[in-house]
Amino acid sequence: TMDFSFFYINKVVHVVVLSIIDETIPKLSALKRGGINVAEITFRTSCAPDCLALAVKTFPDMLVGVGTIINREQCVKALDLGAKFVVSPGFSKEVAEECISRDVPYIPGVITPTEVMMAKAVGLNVLKFFPASDFGGIKTMKALSAAFPDVRFVPTGGVGESNLHEFLEQKFVLGAGGSWMMKGTESDIETASRRAVEIAKEYI
């Protein structure tokens, strides 16, 4: 069984887009100073594998995972570099199989009941609801939750400081994802992270 206990400590997964390797240590250090221990480094940029490898090595006590994984090849590469969890924008059976075989948490993106059923068929029930605000947010997750009471959602896309608490107070929401904390200077990142931790604290 995959271990999602990190959600009970953090509640928020920080989506980190790095365009140059030199941003890796300053940005993750700022998150850490703000009390955040989970970072999802997206695999959308060409330097992402190098950034991931550096982050895993530099922050061994941080839960550094990888996002935007869309096929097995990317997944294998990221896991071999030390990613501790894998997130996808949609559901990929081959990525699910790879993660399950290595016992690494996989959080695929879903929107529809069919996608939820596909994920459940391989034994997954912690699912990213993405893009959350474009597809009905809390209202849609509530409807899905009625049909799939054992599923817990991680809404991402349209989640920010102003509505984080609305998402986290739902019983079907395990945590939330977003990149709103990553804007601005290192000190902005640290401040926004600290505020996110403060908001999330009451739902742990």
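We find the CG-CZ distance between L124 and F4 to be 6.5 Å, quoted to the nearest 0.5 Å. Taking OG from S193 and CD from E186, the interatomic distance works out to 11.5 Å, rounded to the nearest 0.5 Å. Taking CG from L127 and CZ from F148, the interatomic distance works out to 9.5 Å, rounded to the nearest 0.5 Å.
Residue F172 comes nearest to I138 through the heavy atom pair CZ-O, 3.9 Å, listed as atom of the first residue, atom of the second, then distance. Across every non-hydrogen atom of V87 and K128, the tightest pair is CG1-CD, 3.5 Å. In terms of heavy atoms, M141 sits closest to P155 at CE-CB, 3.8 Å. Heavy atoms only, all atoms of each residue included: F59 and S29 are closest at CZ-OG, 3.5 Å. The minimum heavy-atom distance between I41 and C51, with the atom names listed, is CD1-O, 4.2 Å. Of all heavy-atom pairs between L79 and C99, the closest is CD1-SG, 4.4 Å.
Transitive grouping of hydrophobic side chains (ILVMFWY, heavy atoms separated by less than 4.5 Å) brings I100 and V104 into a common cluster. Under a hydrophobic clustering in which Ile, Leu, Val, Met, Phe, Trp and Tyr are joined whenever their side-chain heavy atoms come within less than 4.5 Å, directly or via other members, L144 and V122 fall into the same cluster. There is no path of hydrophobic side-chain contacts, each under 4.5 Å, that joins V15 to I21. A single hydrophobic cluster is not seen to contain both V56 and I20; linkage of ILVMFWY side chains at heavy-atom distances under 4.5 Å, directly or through other members, places them apart. Note: the hydrophobic cluster containing I189 also contains V38 (ILVMFWY, side chain heavy atoms under 4.5 Å, direct or indirect links).
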Worked verdict on V95 versus V86 for side-chain contact (heavy atoms from CB on, under 4.5 Å): CA-CA 9 Å; V95 172; V86 174; 4.0 Å; yes
Salt bridge (charged side-chain N to carboxylate O under 4.0 Å, His left out) between R194 and E190, intermediate numbers included: CA-CA 6 Å; R194 193 165 285 129; E190 184 182 339; 3.0 Å; yes
Test log, rule side-chain contact (heavy atoms from CB on, under 4.5 Å), inputs D61 and K32: CA-CA 10 Å; D61 53 343; K32 226 178 146 178; 2.9 Å; yes
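In terms of modelled atom types and a separation under 3.5 Å, the side chain of S92 and the main chain of N71 share no donor-acceptor contact. Side-chain atoms of T112 come within 3.5 Å of backbone N or O of E115 as a donor-acceptor pair. Side-chain atoms of N10 do not come within 3.5 Å of backbone N or O of I36 as any donor-acceptor pair. Of the possible polar contacts, none joining the T42 side chain to the T68 backbone as a donor-acceptor pair under 3.5 Å is found. A distance-only check finds a donor-acceptor pair linking the side chain of K84 to the backbone of M62 [under 3.5 Å]. At least one donor-acceptor pair closer than 3.5 Å links the side chain of S88 to the backbone N or O of I69.
Between E23 and V16 there is no side-chain heavy-atom pair separated by less than 4.5 Å. T58 has its side chain out of reach of L28: every pair of non-hydrogen atoms, C-beta onward, lies at least 4.5 Å apart. Side chains of P49 and L81 form a contact here, defined as non-hydrogen atoms less than 4.5 Å apart. No side-chain heavy atom of V154 sits less than 4.5 Å from a side-chain heavy atom of F130. Contact of the K27 side chain with the M182 side chain is registered, since non-hydrogen atoms from C-beta on lie closer than 4.5 Å. Counting heavy atoms from C-beta on, the side chains of P131 and I111 come closer than 4.5 Å. Using a 4.5 Å heavy-atom threshold, the side chains of F129 and F135 count as touching. No side-chain heavy atom of E40 sits under 4.5 Å from any side-chain heavy atom of V64.
The aromatic rings of F91 and Y106 sit tilted, their planes meeting at an angle between 30° and 60°. The aromatic rings of H14 and W180 sit tilted relative to each other, their planes meeting at an angle between 30° and 60°.
Residue pairs that meet the side chain to side chain donor-acceptor pair (under 3.5 Å) test with at least one member in residues 142-170, sequence neighbours left out, are K120-D150, E161-R195.
Using a cutoff of 4.0 Å between basic side-chain nitrogens and carboxylate oxygens, R102 and E98 are scored as salt-bridged.
Shown here are the ring pair (Phe, Tyr, Trp, His ring centres under 6.0 Å) partners of F6, two or more places apart in sequence or in another chain: F85.
For the pairing with F7, the side-chain contact (heavy atoms from CB on, under 4.5 Å) check across I204, V173, V12, I107 returns one residue only, I107.
T185 and D188 form a side-chain donor-acceptor contact under 3.5 Å, judged by distance and modelled atom types alone.
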